[in-house]
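Excluded from the calculations below are hydrogen atoms, water molecules and symmetry mates; all remaining heavy atoms, backbone and side chain alike, are included.
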Amino acid sequence: MARTSLRIVALAGMALLGIALVWTCLQRGPWYDEFYTQYVTRPGLLWGRALRESWMADNHPPLYYILARATAWLGSIAHHRLLNVALGALALAGGLAIVRDVPRLAPATAVLVLELAANPWSLIAGSELRSYFLSLCAGTVFALGLCAIRLTRHAGTLLRQAAFWSATFLAFNTHIITSLAAAAIALPFVLASLVQRDWREARAICLPVAAGGLIFAAVTAIQLPVWLSNTRVFWIEPGFDSARWSVEWALLRTLEANPVVLLAGLAGAVLLARDTLVQKKASGEAGALALLALGTVLAAAGLVALHLLRPILIEKYLMALVAAVCVGLGLAGGRLLESLGHRLRVLVLVAALAASAYALVQNVPQAVNRVSWLATGRAIAEQVKRCPGTVVHTDPYWNAEVMAMQPRDNAQVVPFAYRYVADSFGFRLAPSGSRETAASCPTVFWGEHDSKQRFDAATVAEHLRQSGFAVKGMDFQRLEDGWIAIVPPTAMR
C-alpha cells in the first residue's frame, strides 16, 4: 500500500507537470535566444558546416544544437520546444531505472517529483528552445545517481549504469556552467569513496565522470579561445552582487516552490541528524545528503569566484544547482515519509501534490507571459488589420550592438527574427533600405530587443529623419523590450 501511494502521487505529479509543460511550450512567445537556436538548427542546414561555423563558435558545447537540428522537422519554435518534453520523458525513464534498482529511494523520488512539478524553473526552462531544461533534467538524474551509488556502494544493474552514464555525459556536455557545477557536485562523492578506500564505489562514480569530463575537456580545448573572445565584451552584469543575486534567486525560488515539501524536507533533515547522533555514524541517506549539500556549496562558491574573473552567471544557467537542491529536498523529505504511518504518509503526499498543482496554476501564466517579441508583433498585426495598406519598417540600426556580437550568426539572426514574427502574424515587412511610406494608412517603424539600449521617441524620430523619412509626429509605444512608432499619413508630408 505504501508503494502504491508513492507511485500514484508521483505519476500524478509528473502528469500535471507534463501537461503544463506542453501547454506552456505551445503558448509562450519566442525571445531572441530562441530565434538564434531556431536559425542555427534550421532544416536544410548542412551538419558539418553548422558544427564548424555556428555550433562550435558559440559559448557552450554543441550538444543541444545537435539535438535541435535532429528535431528541426518539428517546425515552428513553439513546436520545436517539444524537444524538451521528450528530454523530460527520457529523464523520467532514467530516474525510474535508478529507483527500480534502489527501492529505498522511492520515497525520496516521490518527493523529488512533487518538488520539480512545483518548481517555476521547470516551466521557465522547459518552455524555451535552449539547453537549460536539458541541464535541469541531466542534473537531476546525475545527482540522484550519485546518491544511489552512495547508498549501495556499487554501480548497480546495467540499466541503472546506463541511466547514470547518460546523465553524466549530458551534465558535463550541455552547458559550460552545468559542466562546472556537475564536477563540483561530484567531487565530495569521489573524495568520500577514496578516503574510505571503497574502490567499487569510486569506480562507479569516477569512470562515467572521467569519460564525460574528458569529452568536455576535448570540446573545451577547441572552444576555449572562442569563449574567451565572445565574452570579452558581454551583456551579463559583472561583480559579486550580480553573481550572489543569481545564485540566491535561483535557489530561493526552488526552496519556496512547494511549502509542504520544504517543511517535510526540514523535518526529514532533523530526523537524519537525530539518526546520526543516536547511531554515532551517518546513515546512507544522511551521508548522501551531506555530500550533496557540500557539492552544491562548492559549486556555488566556485561559480561566483569565476564570475568575478569574467561575468558568466544568470539564474537560468544554474539549473544543475537547482537540480541538486531538489534531490536534496527529496532525500530529506523521503526520510520523513518513512517515519510516518500509512494514513499520515498519504496525507502528506496529497498535501504536497495539492501544493504542486497550486504552484503550476501560478507558474504556467508566469512562464507564458515572459518577455517575448509577440507584444510588438501583435500590436503591428492589429494596426495592419485596421488599415491593410500599413507599411512596416525595421532597421539594423536598432540592433547594431547585438548584430555586431560574436558568434557572427547574430548578424543574420536579427533580420530572421523580424521576418519570423511578421510571417507568424501575417504582415509584410518593407525591404531593407526601402523608404516606402503608406499613402492613406500609417507607416509603422518597429524595433525589438533593445533592453540594454532603450530607445525613446526623440531618438527614434531623429534617426528616421536622418534616414530620409520626413517624420513630423508619431505615436511611440514601448511594449516589453521592444517598441513601435506609428506615423500617420499626414505626419509624413
Would you call [X] and [Y] a salt bridge, using N to O less than 4.0 angstrom?
X    : Y    : answer
E285 : R150 : no
D33  : K316 : no
D456 : R478 : no
E128 : R28  : yes

(request) Walk me through it: do L289 and V327 pass the test side-chain contact (heavy atoms from CB on, under 4.5 Å)? (result) CA-CA 9 Å; L289 180 59; V327 173; over 6 Å; no
(request) Output every pair passing ring-ring contact (aromatic ring centres under 6.0 Å, His included) with a member in residues 282-312, not counting sequence neighbours, ordered by first then second residue. (result) none
(request) First locate atom CG of L26, then atom OG of S127, and finally report the distance between them rounded to the nearest 0.5 Å. (result)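 The distance works out to 10.5 Å.
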Flag if over 12 foreign heavy atoms under 6.0 Å of [atom1], [X]:
X    : atom1 : value
R408 : CZ    : no
Q196 : CD    : yes
R253 : CZ    : yes

Indicate whether any N or O donor in one side chain lies under 3.5 Å from an N or O acceptor in the other, for [X] and [Y].
X    : Y    : answer
H80  : T71  : yes
S193 : R153 : no
Y39  : N410 : no
Y32  : D481 : no

(request) Identify, with sequence neighbours excluded, every residue that meets side chain to side chain donor-acceptor pair (under 3.5 Å) alongside D241. (result) none
(request) From the options Y65, F172, F216, W227, select the one residue that forms a ring pair (Phe, Tyr, Trp, His ring centres under 6.0 Å) with H60. (result) Y65
(request) Using the ring-ring contact (aromatic ring centres under 6.0 Å, His included) rule, take W483 and W398 through it: C-alpha gap first, then chi angles, then the decisive distance, then the call. (result) CA-CA 10 Å; W483 53 264; W398 315 126; 4.8 Å; yes
(message) Checking Y317 now: which residues fulfil ring-ring contact (aromatic ring centres under 6.0 Å, His included) with it, not counting sequence neighbours?
(response)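 Residues passing ring-ring contact (aromatic ring centres under 6.0 Å, His included) with Y317: Y132, H175.
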